There are 2 protein chains.
Amino acid sequence: MILEELLRLESHPTASGLYDVVRRRLPRISLGTVYRNLELLAQAGAIRKLDMSGAEARFDGNVHPHDHVRCVECGQMADVAVAPIDLSDRGPHDFHGYQILGRRLEFLGICPSCRQQTGHNHPLEGERTC
Amino acid sequence: MILEELLRLESHPTASGLYDVVRRRLPRISLGTVYRNLELLAQAGAIRKLDMSGAEARFDGNVHPHDHVRCVECGQMADVAVAPIDLSDRGPHDFHGYQILGRRLEFLGICPSCRQQTGHNHPLEGERTC
DNA sequence: GTATGTGCAAATGGTTTGCAGTGGG
DNA sequence: CCCACTGCAAACCATTTGCACATAC
């Protein structure tokens with residue numbers, strides 16, 4: 001039922017956000033159970049766990065290859081089609097001998113609704129813009 | 001002195017790793033102070049805070065634009081030259097109206113020393129390989 | 001003396017875990 | 001009856017914070 005609700009949502013809920021939703025159908029479920037099952041589902045490859053950038057982890061029912069944008073203001077996330085990375089000129093020694101298994105790419109920005117509310121500038125604190 | 005030690009190291013230490021190093025020169029320094037100053041230095045743009053992928057945050061004295069590889073086994077990190085991302089065919093609506101400020105790219109792999117020790121396979125749990 | 005920065009210890013918050021209970025097979 | 005799974009609460013761990021004190025100006 002946790003999986004069902006995650007698939008229904010196209011937001012990328014946090015564990016406790018999903019907990020709130022699932023609790024509407026299973027009022028006696030505990031947050032620990034939600035965490036346990038999300039972990040199992042992620043390991044089984046049924047869902048993806050998005051634990052980037054030190055924030056609260058978010059979960060994604062879409063297991064097709066894709067990247068993400070995250071709002072630096074509110075933490076909301078959205079899907080982005082896979083952005084091709086040019087590694088044509090790289091040898092293994094550009095990676096210091098690491099055997100590369102994968103990559104994680106996350107765009108950072110401001111979502112439409114946060115953009116309206118605050119005229120803030122978010123210079124990304126010492127981070128190159130893109 | 002925290003900054004000095006971080007610049008001297010080319011590993012990408014965690015806060016407590018750096019704490020251990022700095023404590024050799026300042027035996028009475030506290031971990032809280034290390035955190036406080038790393039935060040200030042990162043905000044001032046003197047260092048970079050690398051808090052990707054839900055692990056313990058790491059700090060980098062190299063503020064030039066570059067990406068990273070992280071060992072999924074031991075957490076060690078290394079620098080990688082900026083990998084160009086092809087966004088030529090993207091309009092703002094591919095990003096769901098997000099105003100893009102930056103990106104974070106992290107390669108995941110196994111570092112040379114972990115590679116020797118364990119013949120393990122690390123299929124990156126339901127993650128596309130790269 | 002006033003402001004800034006520190007050590008220390010306690011609080012925080014997301015996540016994990018130990019354990020006893022429960023329900024399905 | 002057994003076992004996998006659960007609720008619950010406590011533990012965990014990186015990080016942050018409150019506070020009293022120290023040091024520099």
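Predicted, not measured: the structure shown is a model, and the values here were computed from it. Quick note on labels: first sequence line is chain A, next is B, and so on, each numbered from 1. Only this structure's heavy atoms are used, side chains among them; waters, hydrogens and symmetry mates stay out.
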Angle, rounded to 10°, between the helical axes spanning five pairs at each terminus of the helix from C:dG1-D:dC25 to C:dG25-D:dC1? 0°
Any side-chain heavy-atom pair of A:Asp67 and A:Val82 under 4.5 Å: yes
Do B:Val80 and A:Asp94 make a side-chain contact, defined as non-hydrogen atoms from C-beta onward lying under 4.5 Å apart? no
Reference residue A:Asp51; test salt bridge (charged side-chain N to carboxylate O under 4.0 Å, His left out); the match among A:Arg70, A:Arg104, A:Arg58: A:Arg104
Nearest-0.5 Å distance, [atom1] of residue [X] to [atom2] of residue [Y]:
{"X": "B:Ile85", "Y": "A:Arg103", "atom1": "CD1", "atom2": "CZ", "value": "7.0 Å"}
{"X": "A:Glu56", "Y": "A:Leu50", "atom1": "CD", "atom2": "CG", "value": "12.5 Å"}
{"X": "A:Leu38", "Y": "A:Ile47", "atom1": "CG", "atom2": "CD1", "value": "4.5 Å"}

At their closest point, which heavy atom of B:Ser16 faces which heavy atom of B:Leu31, and how far apart are they? CA-CD1, 4.0 Å
Which pair of non-hydrogen atoms, one from B:Asp79 and one from B:Asn62, has the smallest distance, and what is that distance? OD2-ND2, 3.4 Å
DNA chain C contacts among residues 2-22 of chain B, heavy-atom distance under 4.0 Å: none
Contact check, residues 29-38 of chain B vs DNA chain C, heavy-atom distance under 4.0 Å, returns B:Ile29, B:Ser30, B:Thr33, B:Arg36, B:Asn37
Between B:Leu40 (CG) and C:dT6 (C1'), how many Å, whole number? 13 Å
Give the rounded distance in Å between these two atoms: CD of B:Glu56 and P of C:dG14. 18 Å
Interface limits on DNA chain D, where chain B has a heavy atom under 4.0 Å of a nucleotide atom: D:dA14 to D:dG18
Can you give the donor-acceptor pairs under 3.5 Å from side chains of residues 22-29 of chain B to other protein atoms, not counting sequence neighbours?
unit_1: B:Arg23; atom_1: NH1; unit_2: B:Tyr19; atom_2: OH; d: 3.3
unit_1: B:Arg23; atom_1: NH2; unit_2: B:Asp20; atom_2: OD1; d: 3.1
unit_1: B:Arg25; atom_1: NH1; unit_2: B:Glu4; atom_2: OE1; d: 3.1
unit_1: B:Arg25; atom_1: NH1; unit_2: B:Glu5; atom_2: OE2; d: 2.7
unit_1: B:Arg25; atom_1: NH2; unit_2: B:Glu4; atom_2: OE1; d: 3.2

Hey, could you give me each pair passing ring-ring contact (aromatic ring centres under 6.0 Å, His included) that has a residue in residues 68-105 of chain A? Not counting sequence neighbours. A:His12-A:His68, A:His66-A:His68, A:Phe95-B:Phe107
Going by an N to O cut-off under 4.0 Å, is there a salt bridge joining A:Arg115 and A:Glu73? no
Please answer: with hydrophobic residues joined when any side-chain heavy atoms are less than 4.5 Å apart, are A:Leu6 and A:Met77 in the same cluster? no
Membership question, hydrophobic clusters at under 4.5 Å side-chain separation (ILVMFWY): are B:Met1 and B:Leu40 in the same one? no
